[in-house]
J.: 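Have a look at this one before I ask anything.
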Amino acid sequence: VIVETVQGEGGLNIARVEWLQALAELCRTRDILLIVDDVQMGCGRTGPFFSFEAAGIVPDIVTLSKSISGYGLPMALTLFRRELDVWTPGEYNGTFRGHNPAFVTATTALETYWDTELFSTDIADKGELIRSGLDEIADRYEGVSERGRGMAQGLKFADADRAGEVCRIAFDRGVLMETNQRTVRRGCQAASATDHLDRRSAGRLGRTGRFRCRHSRLIQRPDFRR
Ligand SMILES: Cc1ncc(COP(=O)(O)O)c(C=O)c1O
C-alpha cells in the first residue's frame with residue numbers, strides 16, 4: 001500500500017490519524033508493505049520531519065524527495081526497513097537522486113534544522129499563521145474552504161475555474177501559485193521566515209493586527225469571476 005498522509009497534487013486532502021493507524025494495522029496483519037510517499041509532505045512541510053509522526057506509525061518504506069535540505073537543490077531518498085533493502089551499491093538510481101552540493105546541504109539541514117524540536121515547532125506556528133489568513137478568506141467567500149497542514153496549505157474552490165483564475169491573477173502580480181484539483185496553493189518552504197510569509201507569501205498584518213491575505217484582495221477584484 002502506498003499512501004500520502006496529505007495529498008499534494010490530489011488537492012491537499014488530509015488522512016486522519018485514526019485512518020492511518022487502522023491502515024498500518026491492516027498492513028501488519030495482512031503482511032502488506034506500508035509505503036508512505038513523503039515526497040511532497042516530508043522534510044517538515046507539514047510540521048514534523050515525517051508527515052506521519054502524529055499517527056505514531058512506522059512504515060516499511062518511506063520516500064522523500066524534491067529537496068532534503070528544504071531549499072531548491074534536488075535530491076531524493078528512499079528509506080527501507082533494513083531487511084527489505086535488496087539494492088546493491090549503485091543499483092538505486094534516478095535523474096534527481098542528488099548531486100554533491102545537494103548531499104552537503106541536506107546533511108547540514110539534517111544536522112542543524114532537525115537537531116532539536118525548535119524547527120518543527122516553528123513550522124507549526126507558521127502553519128497557524130497561514131491557516132488563520134486562509135480561514136479568514138474562506139469565511140468571507142462562498143464555495144471556498146481552507147485545506148492542508150503546516151506549510152502545505154491552500155484554498156479549495158467549489159468552482160475549478162475560479163481556482164485557475166486566482167492563479168492567473170496571482171501570476172500577473174508576480175506571485176507564483178499552483179492549482180491541484182480545485183485547490184490553489186503557494187509552495188512555501190519549511191524554512192520560510194515568518195515575515196516573508198506574512199509580507200510576500202500570504203499578505204500582511206492589518207491595522208487591527210489580524211492577518212490579511214493578499215489573495216483576499218485578488219478575490220475582491222471586480223474582474224474576478226464569482
Ligand atoms: C507525491 C509525489 N510522489 C512522488 C513524486 C515523484 O518524485 P521524484 O520526481 O523525485 O521521483 C512526486 C513528484 O512530484 C510527488 O509529488
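Read the numbers this way: they start at 1 and go in the same order the structure lists the ligands and their atoms.
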J.: For K66, counting its heavy atoms only, list the atoms of ligand 1 lying under 4.0 Å from any of them.
T.: 12 (C), 13 (C), 14 (O)
J.: Purely on distance, is any nitrogen or oxygen of E9 under 3.5 Å from one on ligand 1?
T.: no
J.: If only atom types and distance count, is the side chain of Q21 paired as donor or acceptor with the main-chain N or O of A55 below 3.5 Å?
T.: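 Such a contact is found between Q21 side chain and A55 backbone.
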J.: Give a yes or no on whether N100 atom CG has more than 12 heavy-atom contacts from other residues, nucleotides or ligands under 6.0 Å away.
T.: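 It does not: N100 CG has 12 such atoms or fewer within range.
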J.: Just to be sure I'm reading this right: ignoring hydrogens, which of L64, D37, T78, N180 gets closest to atom 2 (C) of ligand 1? Compare them by their nearest heavy atoms.
T.: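 Comparing heavy atoms across L64, D37, T78, N180, the nearest one to atom 2 (C) of ligand 1 lies in D37.
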J.: Quick one: look up the protein heavy atom nearest atom 16 (O) of ligand 1 and list residue, atom name and how far away it is.
T.: Q40 NE2, 2.9 Å
J.: Who's the nearest protein heavy-atom neighbour of atom 8 (P) of ligand 1, and how far?
T.: S65 OG, 4.0 Å
J.: Which of these, R131, K156, R185, sits in a salt bridge (charged side-chain N to carboxylate O under 4.0 Å, His left out) with E146?
T.: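 Output: one option passes, namely R131.
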J.: Only one of I68, T63, V62, V39 passes side-chain contact (heavy atoms from CB on, under 4.5 Å) with L77; say which it is.
T.: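 Of all the options given, the one that passes is I68.
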J.: Is atom CD1 of I2 surrounded by more than 12 heavy atoms (other residues, nucleotides or ligands) closer than 6.0 Å?
T.: no
J.: Among all protein heavy atoms in this structure, tell me which lies nearest to atom 11 (O) of ligand 1, with the distance rounded to 0.1 Å.
T.: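 Ranking protein heavy atoms by distance from atom 11 (O) of ligand 1, first comes R97 NH1, 4.2 Å.
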J.: At less than 4.0 angstrom from any non-hydrogen atom of E4, what atoms of ligand 1 do you find?
T.: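 Within the 4.0 Å cut-off of E4, ligand 1 contributes 1 (C).
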J.: Would you mind listing which atoms of ligand 1 come within a distance below 4.0 Å of any non-hydrogen atom of V39?
T.: 2 (C), 3 (N), 4 (C), 5 (C), 7 (O), 12 (C), 15 (C)
J.: Might you confirm whether atom CG of L118 has over 12 heavy atoms from other residues, nucleotides or ligands at distances under 6.0 Å?
T.: no
